[in-house]
Amino acid sequence: MTVDSTAARKPRRSSKRAGAKKAAGESELVQLLTPEGERVEHPDYSIDLSPEELRGLYRDMVLTRRFDAEATTLQRQGELGLWASLLGQEAAQIGSGRATRDDDYVFPTYREHGVAWCRGVDPTNLLGMFRGVNHGGWDPNENNFHLYTIVIGSQALHATGYAMGVAKDGADSAVIAYFGDGASSQGDVAEAFTFAAVYNAPVVFFCQNNQWAISEPTERQTRVPLYQRAQGYGFPGVRVDGNDVLAVLAVTKAALDRARTGEGPMLVEAFTYRMGAHTTSDDPTRYRRDEERELWEAKDPILRLRAHLEKQGLADEAFFASLETESDALAKRVRDTVRSMPDPDHMAMFEHTYADGHTLVDEERAQFVAYQASFAEESK
Amino acid sequence: MTVDSTAARKPRRSSKRAGAKKAAGESELVQLLTPEGERVEHPDYSIDLSPEELRGLYRDMVLTRRFDAEATTLQRQGELGLWASLLGQEAAQIGSGRATRDDDYVFPTYREHGVAWCRGVDPTNLLGMFRGVNHGGWDPNENNFHLYTIVIGSQALHATGYAMGVAKDGADSAVIAYFGDGASSQGDVAEAFTFAAVYNAPVVFFCQNNQWAISEPTERQTRVPLYQRAQGYGFPGVRVDGNDVLAVLAVTKAALDRARTGEGPMLVEAFTYRMGAHTTSDDPTRYRRDEERELWEAKDPILRLRAHLEKQGLADEAFFASLETESDALAKRVRDTVRSMPDPDHMAMFEHTYADGHTLVDEERAQFVAYQASFAEESK
Amino acid sequence: MSTEKLTIAKAINASLRTALETDPKVLVMGEDVGKLGGVFRVTDGLQKDFGEDRVIDTPLAESGIVGTAIGLALRGYRPVVEIQFDGFVFPAYDQIVTQLAKMHARALGKIKLPVVIRIPYGGAIGAVEHHSESPESLFAHVAGLKVVSPSNAADAYWMLQQAIQSDDPVIYFEPKRRYHDRSEVDTTAIPGPLHVARTVREGTDLTLAAYGPMVKTCLEAAAAAAEEGKSLEVLDLRSISPIDFDSIQKSVEKTGRLVVVHEAPVFFGSGAEIAARITERCFYHLEAPVLRVGGYHAPYPPSRLEDEYLPGLDRVLDSVDRALAYQG
Amino acid sequence: MSTEKLTIAKAINASLRTALETDPKVLVMGEDVGKLGGVFRVTDGLQKDFGEDRVIDTPLAESGIVGTAIGLALRGYRPVVEIQFDGFVFPAYDQIVTQLAKMHARALGKIKLPVVIRIPYGGAIGAVEHHSESPESLFAHVAGLKVVSPSNAADAYWMLQQAIQSDDPVIYFEPKRRYHDRSEVDTTAIPGPLHVARTVREGTDLTLAAYGPMVKTCLEAAAAAAEEGKSLEVLDLRSISPIDFDSIQKSVEKTGRLVVVHEAPVFFGSGAEIAARITERCFYHLEAPVLRVGGYHAPYPPSRLEDEYLPGLDRVLDSVDRALAYQG
Ligand SMILES: Cc1ncc(C[n+]2csc(CCOP(=O)(O)OP(=O)(O)O)c2C)c(N)n1
Ligand SMILES: Cc1ncc(C[n+]2csc(CCOP(=O)(O)OP(=O)(O)O)c2C)c(N)n1
Ligand SMILES: [Mg+2]
Ligand SMILES: [Mg+2]
């Protein structure tokens, strides 16, 4: 038998495109502001912001970075057990966070401090779990900002289910699910793509590709750009310069609008970089070279917007100075709040396992009370 | 703030292609033999088989169908607890099964009776689990044909791991993982795609899209053709006419060759139809219309090859008659073997949970022996 | 009063129907629950009457089913999820254990997760692998979940009503081999609490505790034992998390002997928890150790062996005899 | 003889190194096990010395890791898989329970699944959610798996050697809070069997049974109790499936009292199985019910509460006192 298989050995045109490594991921990147702070145009996405709005984005990024730095310091000082820094990802988070509407709903990972900021979540709320006084504990419905989720990828399904509910309600809200490059490998994320596509759910999958999943580079998760994953599930994917707050805002807003007008899910890959360690427990010197970090420093999201503001004369010294003051005040408030954050009462262990109660919990609570009382007696 | 989002609302060209429903899936289908039995050419795949080889494929399909029908009958007669018929999928299974080399390795679902046939597995071996005397029980390494796997999608990962091992060994074998359209939704299948792509594993994912996952049509699993799923993971996908044994053979062989020459994984979607019920427990009249089945009857894989053989004068009456006799003999052997298949000894419950033993198993076995002995005593 | 003789399957169907009718937030979702009405026809007719928007055929992905059900619950829905068979719940196990069970606590009570997961479970139906398992222990060990299993049609109806009304996630195990057992269901009766056991037969010599499919077996055993002059009390536990230890204790204080029966493997099964706790509570009352009858430490066997593997009348009676043989 | 004082983490590292050196089929795989050497540095230096082909950084997908490890085992490899933290094993639970545990039986013994799954487990390290759990019950209940946990460096070394050499799947739970505890490891000593308990302290009044991180706590409790004149025997069970009931029984026949200690929640925990079986075996020897000390029926709490949640010295001693208070 002879089978001519050259055709498949040399993959067909359509597959070659998908399989071949792109010469430069950059060329596919939606960018509206260059690393030097120049505004550029893109055929598919445009944005027109007032100076005030631009300054607002800048302020968001600066305050978020300051908050994040303060949290890192607090961890070093032993006030927090752990911190997952967003350093370098401010544009990805502020751009996407500011693209959401109040009635939209956000499902974060554990690193979306900037998004939380945009949603109006008090930043000190985020610190409880890192201090070890709770596992999150804020009311997600207060700001439509769900609890941080640590099990990688799980929240993509929650977001999809929530979005299915939005559609059932006939509401025109949209939902956004955050996850990382590493998370793209999890079955749950794939299943979320399937459910979102099949039910045409109004959900935007926002993947911050910060190039690393702890010590593993994105090549350990995929051999083609992640945004392309969406195509095979039947919805569009786009890669945006994740250090360009304008592009992220424009692309995310477009994706959310698309979702709310019934056009279904979309995948946004924000191409960015984790400038710091994975968390304060991590030591990136073991697995990545300084030069890489330096390369990305040149693309800093804050510096680039500042360059733009300055070049265009959209912000004066007073603005930057007052922002500095505001940052200091924020840092101080965060510091003070964390330091005075009380340890939970011991009995809190027995609360909230169930909404409707459980006799075993009651029994164990009672035993614990008796046990504690026994010390009191002994010391009498 | 104004954001121009028309671009995203009207998806970009690249995504539109993926997102838009194809007018006719047929046009993307690799086909080498029309439903009427005419040989046609395809730009990427060709095949040249001797008359003997063509008759061989025909024979495989006929015997497989006969075996399958016999198993269905045996289930009706109470000799089997259940049967999952492959009726209609003979070409997909024989074409792909015959594309494998002896040293290749096959990971089936529970429906790959035709593939098992090609691998040299005695068909009666397949019946043990459906009769309820074992859970499979054959030695996978005898024919490089793994045990049937019931938990949907799991075997895609086993196949991928096995293929990673093949690559580690520097062998030029390939691995093929079978699964259905429904299985494409399982996270495990997606994770298999990721691992296969990242490690460039020599594995072919062979999806028999038989249009149904029990009562759910493929639209409940995806809104674009399944073969496109592969692109987003960075390897090629192709859809082949699953009722055309020549096309399936050519495409699968090409994919396996590609894998063994280090070009990595590929997804083959065999577009076919489950002519019967999901299993003998199922009642498809509850969820699908007869007309659909009739449409597919016209594309029958066996009739089409027979038409070709007859039109081209590649087989004579004697061939068909002797095949009939061979079929009858196979059916009889299957029937006789099943009927005389003994129930397992009760003590078999305590065997093979562990390779190296386990004290609890020993304890429970001893208790069971004592318990059984107590009846003997009582009846004394 | 509106009493009807229903099978367990039909009672569950009726209960889902009532829930869909009375609360627009209730959804039914799972594989093949729509047109087919589920592989056991438990959801028969529901999609026809309530539409595809409320009775949802899902993609074939259990983690996806439970994960999106969580999202729907966060949006204010009350999803009732069907897992097709016991052995197929494991792809969803992560979502159940790390998310569904813990999210209420993670939010310090600020959100609720009223999700019911229906799982047909247990053996004796002559099925192939993965279709006959009893994984209830694997859920009961996990705080944040409630786990129940009805043994008869009336309980099937009412316990499902209560599970759906509960603001906690409930794993609702359906005794599939009893789906066609028929009994009176009064859909207007006000039921007792969901997690309280019921004495289904009074006795004085020994207590048999069971739930789901084994209640019937225990009743048969008690009847057989009665012929030999032994008086067995039979408790239908109904709930596996929490377990109604008070009721078991009360019974054991009377009988002095306890045998726990379940299909699940004995090793780390619910019988272990019951034996441990009841022995602690009733140390001076027990005249024999608590004995356990259940599956062996082996994968559920091929169906031609399941009669040997499953605890049947004889094995229950054998343990009863062993327990009675102890001199207290 | 080659004795060295090693931490548990280093002993595991040495054991992996020995296995990689002596058997070319051994593979180490998991998230971040390569350059980083794992988040606890347990695989430190292995990729450097054995290459990316044998020490494999995997995609971030636990089901994929275990599922491909199964495939590699079918190809003749002996994969040693690392799950990064206890709470992240659940995405792999389906592959472990429905495939890894059952495949040998499915093949009637014709294939073997020598896969080791290493899981750092337990609390007391001040971590965030999902990083401090003790899910061993959820594996011990599943036939086809073996479950072990070392308490010290020598056992860590040898038990891992034996787990890797075993032709059965072994879940190897590493007591992460003890990773830095140091003790003598003789890498040439011929060890006892993998699933046999060891008496780590002799005593006459009561038996404390524990494994993994709680062995040290129990030894401390025994020392404290000794000062009050109570003689406690401490057993290091080492194996959770199978459990060495013979050794526990022997000890209890001597002491008459048993307290089981583990970090995992008590409800459906290993203490339940031990209590049930030992009570059956030692009914006439026990002078008190078997008591259990463990976690509460609640999600593992935020770290500022973990000292209260975890069984510590005082809670162990409290149970000892309660057990001793019984008049046999
Ligand atoms: C299911 C699961 N497995 C493993 C981990 C441990 N873990 C925490 S973060 C992380 C890497 C995540 O990478 P990515 O998705 O790229 O997000 P990033 O941290 O870079 O923002 C890992 C492996 C986890 N949290 N959950
Ligand atoms: C994890 C899991 N969930 C559910 C099932 C029940 N089930 C058996 S076959 C099947 C449909 C499979 O459809 P498909 O993948 O298209 O294969 P086909 O049966 O059509 O060959 C389902 C839902 C299962 N076996 N495993
Ligand atoms: Mg990342
Ligand atoms: Mg199908």
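Every chain is numbered from 1 and lettered A, B, ... according to where its sequence line falls, protein lines coming before strand lines. None of the values given here were measured: they were computed from a predicted structure.
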Checklist line | Rounded distance [0.5 Å steps], CZ in F195(A) versus CD1 in I56(C) | finding: 10.0 Å

Item checked: Heavy-atom proximity to chain A below 4.5 Å, by part of S239(C) -> neither

Notebook entry, point to check: Between D246(C) and chain A, which part of the residue has a heavy atom less than 4.5 Å away: side chain, backbone, both or neither?
Noted result: neither

Check: Which region of V142(C), side chain (C-beta onward) or backbone (N, CA, C, O), has a non-hydrogen atom less than 4.5 Å from a non-hydrogen atom of chain A, or is it both or neither?
Finding: backbone

Next item on the list: Could you have a look at G109(C), A69(C), A101(C) and say which one has the most heavy-atom pairs with chain A under 4.5 angstrom?
Entry: G109(C)

Margin query: With a 4.5 angstrom heavy-atom cut-off, is it the side chain or the backbone of K102(C) that approaches chain A, or both, or neither?
Written below: neither

Check: Looking only at heavy atoms, which two atoms of T353(A) and G144(C) are closest? And how far apart?
Finding: CG2-N, 3.5 Å

Item checked: Contacting moiety of A143(C), where chain A heavy atoms sit under 4.5 Å -> both

Checklist line | Criterion side chain to side chain donor-acceptor pair (under 3.5 Å) on H158(A) and T68(C), from CA distance to verdict | finding: CA-CA 5 Å; H158(A) 310 155; T68(C) 55; over 6 Å; no

Item checked: Part of I111(C) within contact of chain A (heavy atom distance under 4.5 Å) -> side chain

Checklist line | Spatial distance of atom OH (Y105(A)) from atom CZ (R75(C)) [nearest 0.5 Å] | finding: 9.5 Å

Note to self: Please rank V361(A), T194(A), V198(A), L147(A) by heavy-atom pairs under 4.5 Å with chain C and give me the top one.
What the structure shows: L147(A)

Item checked: Residues T58(C), Y199(A); criterion side chain to side chain contact (heavy atoms under 4.5 Å, CB included); working and verdict -> CA-CA 9 Å; T58(C) 63; Y199(A) 297 114; 3.8 Å; yes

Next item on the list: Name the option with the most non-hydrogen atom pairs under 4.5 Å to chain A; the candidates are T98(C), L145(C), L108(C), I243(C).
Entry: L108(C)

Note to self: For the interface with chain A, which of Q95(C), R54(C), K112(C) has the highest count of heavy-atom pairs at distances below 4.5 Å?
What the structure shows: Q95(C)

Next item on the list: Just give me the residue among H195(C), M103(C), Q99(C) that pairs up with chain A most often, heavy atom to heavy atom, under 4.5 Å.
Entry: Q99(C)

Notebook entry, point to check: Any idea which of I65(C), I70(C), D167(C), D244(C) has the most non-hydrogen atom pairs under 4.5 angstrom with chain A?
Noted result: D167(C)

Check: If you tally heavy-atom pairs under 4.5 Å against chain C, which of V175(A), I150(A), D169(A), T160(A) wins?
Finding: D169(A)

Checklist line | Shortest non-hydrogen separation from L157(A) to G64(C) and the atoms involved | finding: CD2-CA, 3.5 Å

Notebook entry, point to check: Under 4.5 Å between any side-chain heavy atoms of D94(C) and S154(A), yes or no?
Noted result: yes

Margin query: Heavy-atom pairs under 4.5 Å with chain C - which of K168(A), Q155(A), E142(A), H146(A) has more of them than the others?
Written below: K168(A)

Item checked: Side-chain heavy atoms of Y354(A) within contact of K146(C), under 4.5 Å -> yes

Margin query: Heavy-atom cut-off 4.5 Å, strictly under: side chain, backbone, both or neither for A171(A) against chain C?
Written below: side chain

